[in-house]
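Shown next, in structure tokens, is the structure this report addresses.
No experiment lies behind these values; they were computed from the predicted model shown.
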Amino acid sequence: MGLIGHGAIGSSVADALRRGVVPGAVLGGVLTRGHTAATAAPAATAAPAAPTAPATPAAPAAPSAPARVRDLRELLASADVVVEAAGQRALREHGPAVLAAGRDLLAVSVGALADEALFRELTRPAAARSGRLLICPGALGGLDAVRAAALAGPPATVRLTSTKAPASLVQPWMDGATADRLRSLRPGDEPVTVFDGDAREAATRFPRNANVAATLALAAGDRADVRVRLVAAPDARLTRHVVEFAGPLGEYRFELANLPDPANPATSALVAPAVLRSLADLVPGVAWLVA
């Protein structure tokens with residue numbers, strides 16, 4: 001396994017892999033910010049403090065951490081599967097080269113796929129690339145039902161309402177008054193709707209917050225038809241996602257309330273374990289089996 005990024009998500013994943021949390025998965029290298037893709041790929045072979053989640057459960061000790069690699073070429077030489085956990089820019093910069101080198105790519109920053117050109121580049125027919133693009137479900141559940149129902153026909157409605165601590169929704173493009181308003185919200189104040197629009201725009205305008213929206217849109221099969229509402233709630237101690245889906249086979253509603261990541265409140269603590277679960281499903285003999 002190769003890892004791009006060593007922030008809140010990447011460091012948790014790297015630590016868990018080193019401790020053997022996913023049997024059969026070995027961390028080959030970590031590419032951190034500041035290192036760039038090689039020119040050629042190798043041959044294919046102030047809101048209220050939110051509670052935080054406990055660290056990933058301990059596992060048997062594993063070999064010492066591998067050295068961080070110098071560039072993407074070195075990372076690809078050490079891995080069969082590459083995990084992107086460094087943000088949308090990293091997926092844009094490194095994704096095409098990872099797939100061209102014949103490595104599978106597990107994307108965490110799914111919001112980057114709102115860029116139509118990048119989406120087409122990473123999902124070209126297999127003949128044009130030898131690696132597979134895999135989507136990490138991240139902080140969202142129920143995607144199996146959404147994907148299955150979408151096969152029966154286009155959904156009538158797909159809605160996502162995400163409620164978070166106000167400070168985690170502040171964006172660089174916001175004017176000072178809007179940003180200050182979010183930062184000044186206190187317990188007892190009314191929730192504020194920060195965004196109400198489609199999934200593509202949500203992922204573009206809130207890159208650190210709307211990967212869930214982009215993932216749901218991919219599962220539903222039509223990114224333009226997924227409506228997203230982002231709410232800043234001063235009393236929110238959990239990050240809450242409510243999905244409502246209606247299609248030819250029925251109506252579905254599910255709700256998740258996740259603890260924020262201790263190192264980055266804009267990210268749910270479920271994301272790193274979701275990466276590990278996705279990796280485990282790729283390891284022969286480790287995927288979820290029933291009797």
Side-chain angles (χ1 to χ4, degrees), residues 3-5 7-10 12-13 81-99 103-124 129 131-147 150 155 158-162 164 168-169 171 195 197-230 239 241 243 245 254 256 258 260-261 264 266-279 281-282:
L3 184 60
I4 299 175
I9 297 170
S12 293
V13 171
V81 178
V82 174
V83 177
E84 172 280 310
Q88 293 188 15
R89 179 179 176 182
L91 185 57
R92 293 188 188 96
E93 181 179 356
H94 300 299
V98 171
L99 297 179
R103 309 303 191 262
D104 288 344
L105 172 63
L106 179 63
V108 175
S109 304
V110 184
L113 299 179
D115 180 337
E116 191 63 35
L118 179 65
F119 180 79
R120 289 196 301 267
E121 174 71 15
L122 298 183
T123 58
R124 288 186 298 169
R129 53 177 176 75
R132 298 178 298 166
L133 175 65
L134 308 171
I135 302 299
C136 178
L140 193 59
L143 294 175
D144 51 348
V146 174
R147 295 176 66 203
V158 187
R159 296 191 183 96
L160 169 69
T161 301
S162 294
K164 295 191 170 191
S168 70
L169 289 168
Q171 301 297 313
F195 175 84
D198 66 52
R200 187 190 303 274
E201 186 181 1
T204 301
R205 298 185 69 185
F206 294 84
R208 294 186 301 164
N209 302 97
N211 286 325
V212 165
T215 303
L216 175 61
L218 289 174
D222 192 334
R223 288 166 288 169
D225 284 347
V226 177
R227 304 303 298 177
V228 178
R229 184 168 173 252
L230 298 178
T239 297
H241 302 292
V243 175
F245 179 94
F254 45 92
L256 300 95
N258 300 317
D261 190 288
N264 180 8
T267 297
S268 293
L270 184 62
V271 176
V275 172
L276 296 169
R277 179 68 266 169
S278 296
L279 293 176
D281 287 343
L282 297 175

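Here the straight-line distance linking atom CD of E121 with atom CG of L113 works out to 12.0 Å at 0.5 Å rounding. In this structure, CZ on R132 lies 15.0 Å from OG1 on T123, to the nearest 0.5 angstrom. Considering CD1 of I135 and CG of L105, their distance stands at 8.0 Å, rounded to 0.5 Å. We find the CZ-OG distance between R89 and S109 to be 13.0 Å, quoted to the nearest 0.5 Å. Between the CD atom of Q88 and the CD atom of E93 there is a distance of 14.0 Å, given to the nearest 0.5 Å.
Closest approach of L3 and A85 over heavy atoms only: CD1-CB, 4.3 Å. Closest of all the heavy-atom pairs between A274 and G138 is CB-O, 3.4 Å. Shortest non-hydrogen contact noted between S168 and N209 is O-ND2, 2.9 Å. Closest heavy-atom contact between A150 and A220: CB-O, 3.6 Å. Summarising the geometry of A112 relative to R92, their closest heavy-atom pair is CA-NH2, 4.3 Å, with the distance given to 0.1 Å. Annotation for V228 and A213: closest pair CG2-CB, 3.7 Å, computed over non-hydrogen atoms.
V146 places none of its side-chain heavy atoms less than 4.5 Å from the side chain of V158. Using a 4.5 Å heavy-atom cutoff, the side chains of P207 and Q171 are in contact. No side-chain heavy atom of L230 sits under 4.5 Å from any side-chain heavy atom of K164. When side chains are defined from C-beta on, L140 counts as touching L256, because their heavy atoms get closer than 4.5 Å. Residues L134 and L282 meet the side-chain proximity criterion, which asks for heavy atoms closer than 4.5 Å.
The side-chain contact (heavy atoms from CB on, under 4.5 Å) search around R205 returns W173, F195, E201, not counting sequence neighbours. Here T215 pairs with nothing under the side-chain hydrogen bond (donor to acceptor under 3.5 Å, both in side chains) rule; sequence neighbours left out. T267 is linked by a side-chain contact (heavy atoms from CB on, under 4.5 Å) to I9, D261, N264, V271, counting only residues two or more places apart in sequence or in another chain. Applying the side-chain hydrogen bond (donor to acceptor under 3.5 Å, both in side chains) rule to S268 yields no partners; only residues at least two apart in sequence or on another chain are considered. L270 is linked by a side-chain contact (heavy atoms from CB on, under 4.5 Å) to N258, counting only residues two or more places apart in sequence or in another chain.
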Review point. Taking it one step at a time, do D198 and R227 satisfy side chain to side chain contact (heavy atoms under 4.5 Å, CB included)?
Key: CA-CA 5 Å; D198 66 52; R227 304 303 298 177; 3.8 Å; yes
**Study point:** Step-by-step side chain to side chain contact (heavy atoms under 4.5 Å, CB included) determination, L91 to L122
**Key:** CA-CA 10 Å; L91 185 57; L122 298 183; 4.3 Å; yes
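A donor-acceptor contact shorter than 3.5 Å links the side chain of R200 to the backbone of A114.
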